[in-house]
Amino acid sequence: MGSADFTGVKQPEFDTMAGKHTQAAGQLERLAQSLYGELQGAGLDTAPALRLRELAGRVGKQAEDLRRRQALVREMEKQDVVFGTSTAKGSFLEMPDGLNAAQGLLDGTVASRAARQAAGGDVKALATLQKYADRGEDPEFAKVFLRKLGAKGVTELPATLAERLRDGLDHGDTAGVATLSAQGKQALRMLGTALATGTDPKGKAYAGDDFLKELAAQGRAEHTTGNVKYAGYQSQALAWRGHDGRPPFSAKFMETVGRDAIAYEKEQYERRWAASKAYGYRQVPLFDLAAALGLGTLLRPGQGVVTRPGKQAKSAVVDDLFHAAGSSGEASRALLDHTPAGWKESVLSYLLTTRLDAFAYSDGHGPFSQVLLAATTGQDATSRKLAAELTKTAADQAQRVFGKAGDGNLEITDRAAFDRLAPLRYPLARAIAANIDQVSSLLLNHATFGKADAKDMSYALALAARDDAGYEALIRAQTEHMRAALDKVPPVGLEKSNLKGLGFSAADLKTYDFDEDGRVGKDDVRQFLLDGIVGEARPFGHIVEIRRQALIAEGLDDKKASEALQTMVRDAIGMFPVPGAKQVGELATGAFGSLLTKSYDKATGAGYDQTAKWIAQQVSDQGLDLGAAYQTLANDRLAVEKLTEQMIAAAMLQKGLLDGIELKGQTFAIGSQPTIKPFTEMRSEEYSDFLRWVGRNGASQDLFDRFSGTFRRTSDVDDYLNLRIPASQEGGK
């Protein structure tokens, strides 16, 4: 008797079959041993005995499988997990065909029963539930557990744990609170993981669309446990916070439950928030049940047990939701890239404006920032769309907090509003860094990034560049953008015969061959390098000058070189070839040496910010310390120029502009037929000699001067931020 997923098991015949299989396996093994001895003694081929032994092994494995099933059947009967079916041929028990499914049915059923009992106040049931703390990611377990527990059970269990902890605190039961806290954290971690596993349509544990809809319905419903009344989302949020991100919640979960939770809070609190703003009160969010009952971190996995919770960990429902979503870009984008019916703004815009102060009240900026990072730093169309919206929305608010000081520099005109926006600075910087090409596009081509124009980008940068880590991301991304731009320059010697091998087309040759002699010469390459260098100087200068203005606005030292740029100069990051670049110059391959690896080339295809981050790690692993000049850099302008000097040298080396120039007697050259020593083997003084040699022989000084002249102009910043930067500061040292 059977179905697609289950097989009918009839007892006691099943027990008899298991026993006979075990007996047969032993008999076959003994027969194989006896036959082997007889054949070997007679000098005959022993292959029949070996085949018999293989058969004994297969029967033995079948017997072992049957014994495991037999034990599962008995345990299922004991736990009342399966029920018999009476037919004309006798009584049968339904048994899943797969052992993992059978174990999942057993464990999921027992765990769900314990969860329901715990939700009803059974103290002992929590101890049973603890046994399954690590099973939430098992799809066979999660499928049964959620189906039998139901959306109502999922909602009620966290609430019961919270109410019992509150009662223990009220009665001074320190030992009981400590025990319940530990058990509760494990239960919530398992519940959160099972929810993530069982609500992913791509997984085989998917509980179905109706289960998700019921979760949302239970989230909006009013519930009671003991004397505590709560909204279902206040309880479900504890399971979201308990999840550790493995596996991540699905976009489907966020579309059905997550979006509704955000909308629910807005419906319940929007009028209250408007009144609070009118009277100058703080914006109180919808707290989760642990915060509402003053439990601190007693139900937060990863936190030690604190039986006297203080003011910490006042998490809101939305904070917990973002904690669950932040481990997945797909889930984060599903939350933010949405405009609910009847809303006049997107979820992202609402969170960045109307709800922003609520994050401050609950100290929930961390989870919100993680969601922003996950949603806006990808290279897909939705991530770029959200990054553009973040840029525009942040810029609109930044324009209200910045103005022109009496000396013409940037100043903060509304300190409270500026501080309110501070938590957005780093995720905003990372979003712009991931789309660093937009800075060039807006400045050079007067394009738009979504609804953001060059003025919007400038104000957004005034916020973003103030954050030290954010500024580092911007600088690394722009450096990578410049290196990539220079890599697109054709090499010396490009002609019809080698176009295909070097990855160029006939149309490219026509474009790059200025003198139309059928070959790209050194003059052609220098001209294209010049165009690329000048084009990158404007966005580079824009970022650095706005950073300087942001520091001036806060009364900080704008003349000290940032640690990020000092590190990049010291590590000679400009000397790295672009991942995937072809080393055309004869001298390039030896100079770059071990910097060229397959793993290095795999960095291509990522965003400029992520590529730069990966390359920085490679530099660190190489242990380079070549740029001794970083120790004397007076400001960021000088640091960028030093970095540019490195990039120009690397580009000239790659493109073959330095081939054929005399190397004899140079400290950085090796071999009887001199070639450039690998950079990883150079001492800092040899590296300095190399840069001077490039300057003398490659006509790099003209390229550098053209970069510096454009880079140090501040007119773009003046125009877009409505400033009047003093002449003594513009382009100064």
Side-chain angles (χ1 to χ4, degrees), residues 479 483 486-487 489-494 498 501-502 520-522 525-526 529 566-603 614-632 641-704:
T479 301
R483 286 168 9 93
L486 299 186
D487 183 61
V489 172
V492 173
L494 183 69
N498 59 19
L502 295 176
V520 174
K522 289 189 175 183
V525 174
R526 283 196 183 91
L529 276 178
Q566 286 183 328
T567 300
M568 293 168 72
V569 171
R570 178 198 68 202
D571 292 344
I573 199 169
M575 296 310 302
F576 264 64
V578 174
K582 295 182 182 300
Q583 309 312 315
V584 179
E586 295 175 4
L587 298 176
T589 301
F592 294 132
S594 60
L595 301 182
L596 305 177
T597 65
K598 289 183 179 179
S599 62
Y600 183 86
D601 286 347
K602 287 180 181 179
W614 189 91
I615 288 170
Q617 181 61 50
Q618 303 309 300
V619 172
S620 176
D621 291 345
Q622 292 284 350
L624 298 183
D625 188 4
L626 300 179
Y630 83 96
Q631 298 173 350
T632 59
E641 288 177 342
K642 191 65 180 176
L643 200 58
T644 299
E645 181 187 18
Q646 296 176 357
M647 286 189 276
I648 290 173
M652 298 182 81
L653 191 60
Q654 285 178 260
K655 303 306 174 182
L657 283 170
L658 300 173
D659 289 352
I661 298 176
E662 179 60 52
L663 282 172
K664 188 175 181 180
Q666 300 298 331
T667 61
F668 53 84
I670 55 174
S672 56
Q673 295 183 338
T675 187
I676 296 175
K677 180 187 295 187
F679 291 120
T680 52
E681 298 176 13
M682 286 187 191
R683 299 190 305 274
S684 60
E685 57 269 24
E686 292 173 336
Y687 173 67
S688 297
D689 288 344
F690 164 75
L691 291 179
R692 285 191 288 269
W693 175 80
V694 173
R696 289 194 306 271
N697 296 284
S700 64
Q701 188 61 47
D702 180 54
L703 299 178
F704 177 80

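Just so you know, these numbers come straight off a predicted model, no measurement behind them.
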Between atom [atom1] of [X] and atom [atom2] of [Y], what is the distance when rounded to the nearest 0.5 Å?
| X | Y | atom1 | atom2 | answer |
| --- | --- | --- | --- | --- |
| L691 | M575 | CG | CE | 6.5 Å |
| L653 | I648 | CG | CD1 | 13.5 Å |
| L663 | I670 | CG | CD1 | 10.5 Å |
| T644 | E641 | OG1 | CD | 7.0 Å |
| R570 | K642 | CZ | NZ | 15.0 Å |

Among F668, F690, F576, whose ring pair (Phe, Tyr, Trp, His ring centres under 6.0 Å) with F679 holds?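 It is F690; the other options fail the test.
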List the steps, then state whether side-chain contact (heavy atoms from CB on, under 4.5 Å) holds for M652 with L529. CA-CA 9 Å; M652 298 182 81; L529 276 178; 4.1 Å; yes
Please check: side-chain N/O of K655 versus main-chain N/O of D487, any donor-acceptor pairing under 3.5 Å?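 Yes; judged by distance alone, with no hydrogens or angles, the pair exists.
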For S688 and S684, indicate whether the former's side chain and the latter's backbone hold a donor-acceptor pair under 3.5 Å.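 Checked: pair present.
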Indicate yes or no: at least one non-hydrogen side-chain atom of [X] is less than 4.5 angstrom from one of [Y].
| X | Y | value |
| --- | --- | --- |
| Q646 | V569 | yes |
| L486 | M647 | yes |
| V489 | V525 | yes |
| L502 | L494 | yes |
| F592 | T680 | no |
| M682 | I676 | yes |
| V520 | P491 | no |

Pairing residues for [X] by the salt bridge (charged side-chain N to carboxylate O under 4.0 Å, His left out) criterion, not counting sequence neighbours:
| X | value |
| --- | --- |
| D689 | R692 |
| E586 | none |
| D659 | none |

What are the two closest heavy atoms between G574 and A650, and how far apart are they?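 Residues G574 and A650, closest heavy atoms: O-CB, 3.4 Å.
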Kindly write out the residues that satisfy side-chain hydrogen bond (donor to acceptor under 3.5 Å, both in side chains) with K522, not counting sequence neighbours, or none if the list is empty.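 Residues passing side-chain hydrogen bond (donor to acceptor under 3.5 Å, both in side chains) with K522: none at all.
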What residues form a side-chain hydrogen bond (donor to acceptor under 3.5 Å, both in side chains) with E686, not counting sequence neighbours?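 Scan of E686 (side-chain hydrogen bond (donor to acceptor under 3.5 Å, both in side chains), adjacent residues dropped) gives K677, R683.
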Can I get a per-line list of side-chain donor-acceptor pairs under 3.5 Å for residues 694-702, giving both atom names and the distance, sequence neighbours left out?
unit_1 : atom_1 : unit_2 : atom_2 : d
N697   : ND2    : W693   : O      : 2.9
Q701   : NE2    : D705   : OD1    : 2.8

